[in-house]
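From a predicted model like this one, the values you see are computed outputs, not experimental measurements.
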Amino acid sequence: MLKMSARVFVYGTLKSGEPNHQWLTKKENGQAQFLGRGTTAVKFPLVVGTRYNIPFLLDRPGDGHNIHGEIYEVDEAMFSKLDQLEDYPNYYDREEQTIRTETEGNLQCWLYLIRKFPVKMLAKPQLSAYHNTPEQPYSEKSVRDPAISAKDDLSY
């Protein structure tokens, strides 16, 4: 058994049933163990943005809603793969936050968020939970226009 190194709170496409969940289940990425569901103790704006319909947790603590998501304990290899997916630290940043759980009390977990964003993103509908929908379908990297990076598309 590998040593687990971090708890990660996922709120978007990495959740079970969402488009990027396979990142957490692929053995070649490392190990991840589902610990349960949780909610951020601090409110944040969670919005869907860019032409690719990506969920973003914006670094504006106190605004928005307490965000619902899932907690995973991951090994170092998986944590590194998640950093790669989120393009940390070039696109997303990450920080530890208190996550309230139904069974384990409060846990300190890493979460990914966007620190630099256009202020107009705060005018988008703010969610308490993300779900991929046919009305706003998430576009996986493999089908995106390579000439338009998501990072450069935040103002879309």
Side-chain angles (χ1 to χ4, degrees), residues 1-50 52-117 119 121-141 150 154:
M1 173 112 175
L2 294 175
K3 179 182 172 239
M4 300 307 246
S5 69
R7 285 188 296 261
V8 178
F9 177 76
V10 299
Y11 55 83
T13 64
L14 285 165
K15 292 188 312 183
S16 180
E18 298 299 342
N20 283 326
H21 183 69
Q22 78 274 1
W23 278 74
L24 289 167
T25 60
K26 284 185 179 176
K27 293 295 181 203
E28 60 267 25
N29 286 349
Q31 292 189 351
Q33 179 181 355
F34 176 72
L35 297 181
R37 291 177 180 23
T39 306
T40 59
V42 174
K43 293 179 179 182
F44 285 95
L46 173 60
V47 301
V48 175
T50 78
Y52 306 124
N53 294 316
I54 300 171
F56 294 108
L57 192 68
L58 304 178
D59 184 24
R60 188 62 78 88
D63 287 356
H65 302 281
N66 299 97
I67 306 303
H68 300 274
E70 299 172 351
I71 302 164
Y72 290 85
E73 192 165 20
V74 299
D75 66 6
E76 289 179 24
M78 181 65 75
F79 205 18
S80 177
K81 283 292 188 182
L82 295 177
D83 283 348
Q84 180 184 335
L85 173 68
E86 305 295 2
D87 194 15
Y88 166 81
N90 301 316
Y91 187 24
Y92 283 85
D93 200 355
R94 62 172 153 84
E95 66 183 32
E96 284 189 296
Q97 283 285 330
T98 300
I99 305 299
R100 296 181 181 140
T101 70
E102 299 166 356
T103 57
E104 301 292 322
N106 291 343
L107 295 175
Q108 288 300 115
C109 300
W110 290 98
L111 57 73
Y112 292 89
L113 70 167
I114 297 290
R115 296 211 190 272
K116 295 178 183 175
F117 56 90
V119 174
M121 287 186 78
L122 292 167
K124 292 182 176 290
Q126 295 185 12
L127 311 172
S128 60
Y130 169 82
H131 300 286
N132 190 34
T133 65
E135 297 79 29
Q136 269 189 315
Y138 172 77
S139 294
E140 300 205 31
K141 288 183 180 182
L154 287 174

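- Not a single side chain to side chain donor-acceptor pair (under 3.5 Å) links Thr50 to another residue, sequence neighbours left out.
- Taking a 6.0 Å sphere around CZ of Arg37, one finds it holds 12 or fewer heavy atoms contributed by other residues, nucleotides or ligands.
- Relative orientation of the Tyr72 and His21 rings is tilted, given thresholds of 30° and 60° on the angle between their planes.
- A donor-acceptor contact shorter than 3.5 Å is absent between the side chain of Gln97 and the backbone of Leu111.
- Contact of the Val48 side chain with the Lys124 side chain is not registered, since no non-hydrogen atoms from C-beta on lie closer than 4.5 Å.
- At least one side-chain heavy atom of Leu82 sits less than 4.5 Å from a side-chain heavy atom of Leu14.
- Judged purely by atom type and a 3.5 angstrom limit, Asp59 has no side-chain atom pairing as donor or acceptor with the backbone of Ile114.
- Within a 6.0 Å radius of CD in Glu76, other residues, nucleotides and ligands contribute 12 heavy atoms or fewer.
- Using modelled atom types, no side-chain atom of Asp63 and backbone atom of Phe44 make a donor-acceptor pair closer than 3.5 Å.
- Here the side chain of Gln126 pairs a donor or acceptor atom with the backbone of Leu122 at under 3.5 angstrom.
- Checking Asp83 against Tyr92 by side-chain atom types alone, no donor-acceptor pair falls below 3.5 Å.
- Using a distance-only test at 3.5 Å, with no hydrogens or angles considered, a donor-acceptor pair links the side chain of Tyr11 to the main chain of Tyr112.
- Judged by distance alone, the side chain of Lys15 and the main-chain N or O of Tyr130 form a donor-acceptor pair under 3.5 Å.
- Here the side chain of Asp75 pairs no donor or acceptor atom with the backbone of Gly30 at under 3.5 angstrom.
- Residue pairs meeting the side chain to side chain donor-acceptor pair (under 3.5 Å) criterion with at least one member in residues 100-111, sequence neighbours excluded, are Thr98-Gln108.
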Task: Evaluation steps, side chain to side chain contact (heavy atoms under 4.5 Å, CB included), between Leu113 and Glu95 - done: CA-CA 8 Å; Leu113 70 167; Glu95 66 183 32; 3.9 Å; yes
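- Panel note: side chain Thr13, backbone Asn20; no donor-acceptor pair is recorded below 3.5 Å.
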